[in-house]
Amino acid sequence: MVRKNKMIFTDVIVPLPLPGTFTYHAEPEFTDKLEVGKRAIVQFGRKKFYTAIIHKIHNQQPTDYKTKPLHSVLDETPVINSCQFELWEWIANYYMCSLGEVMKAALPSGLKLESETKVLYNVKNNDELHKTTENESIILEIMEQENVMGLKDLSEKSGIKNILPAVNSLMNKKLVLIQEKLREAYKPKTETFISATFSTRDQKKLEEVFHELRNAPRQLELIMTFIKLVQQSDAKKNFAIKKKDFLREAKADASILKAVVDKGYFEQQTIEVSRLKAEQEKLHDIKKLNTAQSTALSSIQSAFQTKDVALLHGVTSSGKTEIYIHLIQEQLNQGRQVLYLLPEIALTSQIIERLKAVFGNQVGIYHSKFPDNERIEVYNALLNSNNSGVAYNIILGVRSSVFLPFSDLGLIIVDEEHENTYKQFDPAPRYNARDTAIVLAKSHGAKVLLGTATPAVESYYNAKTGKYDLAELSTRYQDIQLPRVVIADILKARRKKEMSSHFTPELMEEMHSAFYKDEQVILFQNRRGFAPFLECELCGWIPECKNCDVSLTYHKKFNHLVCHYCGYHQKIPQVCPSCGSNKIMTRGFGTEKIEDEISILFPDKKIKRMDLDTTRSRNAYENIIHSFASGEIDILVGTQMVSKGLDFDNVSVVGILNADNMLNFPDFRAFERSYQLMAQVSGRAGRKKRQGTVIIQTSKPSHPIIKNVIENDYVAMYQSQLEERKQFMYPPYYKIVKVLLKHKKTDKLDSAANKLVKELKNIFGYRVLGPQSPLVGRVQNYYLKHILIKIEKEKSLSASKKIIRKKAAEIANHQDFKTLSIHFDVDPA
Ligand code: ADP
Ligand code: ZN
Ligand code: ZN
């Protein structure tokens with residue numbers, strides 16, 4: 001523009017919860033490298049360095065402040081494409097947060113190094129060692145000593161002021177890794193292979209072996225099986241077989257194999273396998289659809305001619321996944337990409353294997369429990385999809401995979417679309433991945449298929465009103481009957497003194513008869529509100545968290561009291577601190593208590609528990625599922641986790657231990673949720689062989705929602721809910737924006753919240769509710785208040801949001817409320 005001022009400026013996104021972008025100037029040495037979507041290192045604040053994203057390049061000098069220089073540009077080519085920018089902006093705008101917060105959620109840690117990042121020395125990778133620069137060598141020397149180090153400390157110790165570029169380069173060479181916050185250190189996935197130490201074609205040698213083992217027939221048999229396998233295989237030389245497969249094939253015990261290995265005939269080798277490049281299993285053909293499935297498929301296909309979104313409402317086990325597979329194949333034939341979204345805990349090896357069996361290595365997995373370097377591998381593979389060796393045409397992933405750098409999406413599948421875990425709860429961006437997927441698809445010209453047995457009321461409404469197409473599958477594959485639902489009245493059983501601890505006679509009887517037939521049982525206990533706690537029998541004292549307004553949960557195994565909101569924990573008090581009595585009892589019943597009591601009632605049965613506490617480590621969830629599927633466990637006790645799309649063949653009884661606490665939950669979605677949970681958990685019963693049984697324990701046997709579950713009548717549930725939503729002004733008729741206020745002082749918080757409500761009521765009137773305290777009114781020493789604003793569908797949502805933002809900013813910037821923080825939750829779950 002102005003000739004004499006040739007300074008070039010860039011607006012960058014910094015991964016911080018601050019509004020807007022920030023302007024830096026580029027020294028002449030960088031100007032060639034500048035490009036929108038590349039990462040740059042910037043200094044922010046006095047000492048801290050961040051990885052920022054270049055968002056705009058221009059030559060307009062800011063008038064109100066002096067710009068700092070850009071430190072360096074990290075990338076040769078952009079890491080964010082234009083579709084991604086578009087999506088980031090939509091999210092920041094729609095969900096009322098900053099671009100920096102979106103960036104934080106969107107990129108794996110390794111792509112956004114900052115002063116606070118901790119890195120790990122990765123000794124294994126020696127080939128790259130001699131190719132390092134001087135700075136890199138200095139860093140490696142320190143890392144060799146320290147092993148783990150924060151970048152700020154590393155910078156001080158090495159004397160390298162801006163350390164991010166060198167660390168970034170070391171990361172690319174895999175000489176350092178990002179330290180994960182996971183509780184358990186990353187354990188690589190390994191596989192053990194068995195091979196022979198002798199030539200299996202050497203007749204003379206074989207005779208020797210047979211002679212030596214003449215008194216160990218089972219060991220000999222194992223060797224014979226091995227030889228048979230060698231002969232069947234193509235690889236006659238260096239034949240090796242997975243230990244697991246070998247034992248299965250030979251129907252042998254690990255102890256026999258060990259004996260053969262110990263004698264030196266076999267060798268075992270354990271190698272690390274990357275989940276990404278897992279070796280190829282034999283591919284299956286796509287399964288032929290039955291009539292109902294074909295009809296649903298063609299209805300979806302023809303709907304996609306005119307509509308962007310279709311809802312597939314199919315009962316559990318009707319073959320929705322098979323339909324997805326057909327649609328995926330269609331996209332691959334056209335050379336386009338597919339994103340297959342699953343809720344976090346439903347992403348199991350069951351579904352991974354099913355997709356890999358058909359599509360092989362084209363499937364990339366994006367999971368939050370995978371280590372960061374594997375997530376970066378997927379990210380980079382998509383980024384370079386035009387010129388790199390690995391091409392992931394299908395991404396199977398959780399919520400955050402909507403942020404991957406797709407180049408040409410043709411289809412997004414959102415499985416279990418009703419799941420509230422698609423919504424990010426905390427921190428911002430509080431986005432719903434299902435709804436975000438629809439926006440993402442639009443920018444690629446892609447279609448979206450939502451699938452579930454129990455649609456969200458909003459989605460079904462959109463389908464019924466013609467916004468989405470609706471396809472239905474009302475029978476299970478091969479017409480296996482849906483389970484029989486039996487209601488067990490807890491109050492009646494209590495009155496008659498027929499309860500065995502928490503179990504009604506109906507449930508006890510069904511369990512006995514299942515075990516008699518060697519079948520398995522799932523017991524479901526909703527966690528919400530029913531965690532076990534302690535109570536003094538004399539004075540009623542209940543131990544509470546000192547940081548949050550919530551009672552502490554009793555964990556028997558660790559003999560500790562734990563706060564589920566902030567993690568605070570303490571020992572069990574010997575005497576009541578309030579009255580001195582030693583009669584402190586447990587109350588409520590969580591999954592751990594159920595596990596305990598069921599083991600007393602069925603002492604010879606194997607029981608496992610599946611909840612947040614037993615599945616923290618990366619493979620724990622998979623291991624429990626695997627041992628249940630393989631029949632090592634008789635009873636699986638769990639929270640909502642057991643309701644998620646699992647496919648077990650031998651489960652004949654599902655017990656829902658207490659339906660009341662779901663129905664009583666104070667939330668406008670409580671009935672919808674209860675229906676979904678009960679229907680989904682029930683879906684685990686009797687999938688393959690014959691009709692299963694579901695026992696619902698409740699003190700409200702005639703509750704309409706329970707009646708809907710018994711009759712498997714989703715539509716009746718939907719209609720009754722719709723009426724209530726209309727009457728009480730909730731979605732789908734109204735949009736909800738929740739304002740979350742937080743302050744350390746309760747009086748400050750109250751006056752700020754009241755002031756904001758008053759301002760908002762001036763504009764929105766009766767549509768404003770609150771302020772109210774959430775169920776837990778104080779978390780980590782911050783007091784919380786919520787304000788709800790209901791906005792008619794017809795009103796302009798974006799105009800309303802603008803006003804809400806403005807009013808909130810006025811309060812937040814008010815000098816009385818300096819440390820007040822205000823967040824927004826749009827479409828709260
Ligand atoms: P959903 O996704 O609706 O729960 P699935 O796709 O998991 O149902 O189907 C349930 C079971 O039935 C799976 O084991 C699946 O492989 C099998 N199945 C469904 N449709 C077919 C088909 N057309 N041919 C062969 N097997 C099928
Ligand atoms: Zn707490
Ligand atoms: Zn007491």
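Both counts, for ligands and for their atoms, begin at 1 and track the order of listing. Numbers here simply count residues along the sequence, with the first being 1.
Nearest to atom 10 (C) of ligand 1 by heavy atom, out of S294, G451, S317, is S317.
Within the 4.0 Å heavy-atom cutoff, G314 does not count among the residues contacting ligand 1.
The L289 neighbourhood of ligand 1 comprises atoms 23 (N), with distances under 4.0 Å to a heavy atom of that residue. Near K287, meaning under 4.0 Å from one of its heavy atoms, ligand 1 places the atoms 16 (O), 24 (N), 25 (C), 26 (N). Interface atoms of ligand 1 facing K288, defined by a heavy-atom separation under 4.0 Å, are 22 (C), 23 (N), 24 (N). Distances below 4.0 Å separate heavy atoms of S318 from the following atoms of ligand 1: 1 (P), 3 (O), 8 (O).
For V575, the side-chain contact (heavy atoms from CB on, under 4.5 Å) partners two or more places apart in sequence, or in a different chain, are N582. Residues passing the salt bridge (charged side-chain N to carboxylate O under 4.0 Å, His left out) test with E322, sequence neighbours excluded: K287, R354.
Between E419 and R399 there is no salt bridge, since none of the side-chain N atoms of the basic residue sits less than 4.0 Å from a carboxylate O of the acidic one. At a threshold of 4.0 Å, the pair D825-K423 counts as salt-bridged, since one of the basic side-chain nitrogens sits closer than that to a carboxylate oxygen. Comment: K320 does not engage E416 in a salt bridge, judged by the lack of any side-chain N to carboxylate O separation of less than 4.0 angstrom.
Around the Zn ion (ligand 2), the protein N, O or S atoms found under 2.8 Å comprise C545 SG, C548 SG, C563 SG, C566 SG. Near-neighbour remark for the Zn ion (ligand 3): protein N, O or S atoms under 2.8 Å are C536 SG, C539 SG, C576 SG, C579 SG; waters not counted.
The proximity of R354 to ligand 1, defined as any non-hydrogen pair under 4.0 Å, is limited to the side chain. The side chain of Q293, and not its backbone, has at least one atom closer than 4.0 Å to an atom of ligand 1 (non-hydrogen atoms only; side chain from C-beta on).
Side-chain N/O atoms of T819 and H743 include a donor and acceptor closer than 3.5 Å. Residues Y477 and N290 bring no donor and acceptor atom of their side chains to less than 3.5 Å of each other.
The distance from the OH atom of Y782 to the CG atom of L741 is 13.5 Å, given to the nearest 0.5 Å.
For H560 and H555, the ring centers are positioned 6.0 Å apart or more. In this structure, Y714 has its ring center closer than 6.0 angstrom to the ring center of Y460.
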Test salt bridge (charged side-chain N to carboxylate O under 4.0 Å, His left out) on R434 and E458 and set out the steps. CA-CA 12 Å; R434 173 196 61 207; E458 286 96 323; 5.6 Å; no

task = Let me see the working for R609 and D611 under salt bridge (charged side-chain N to carboxylate O under 4.0 Å, His left out), right down to the final yes or no.
result = CA-CA 7 Å; R609 173 164 58 97; D611 56 24; 2.8 Å; yes

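In this structure, E417 contributes its side chain and S459 its backbone to no donor-acceptor pair below 3.5 Å.
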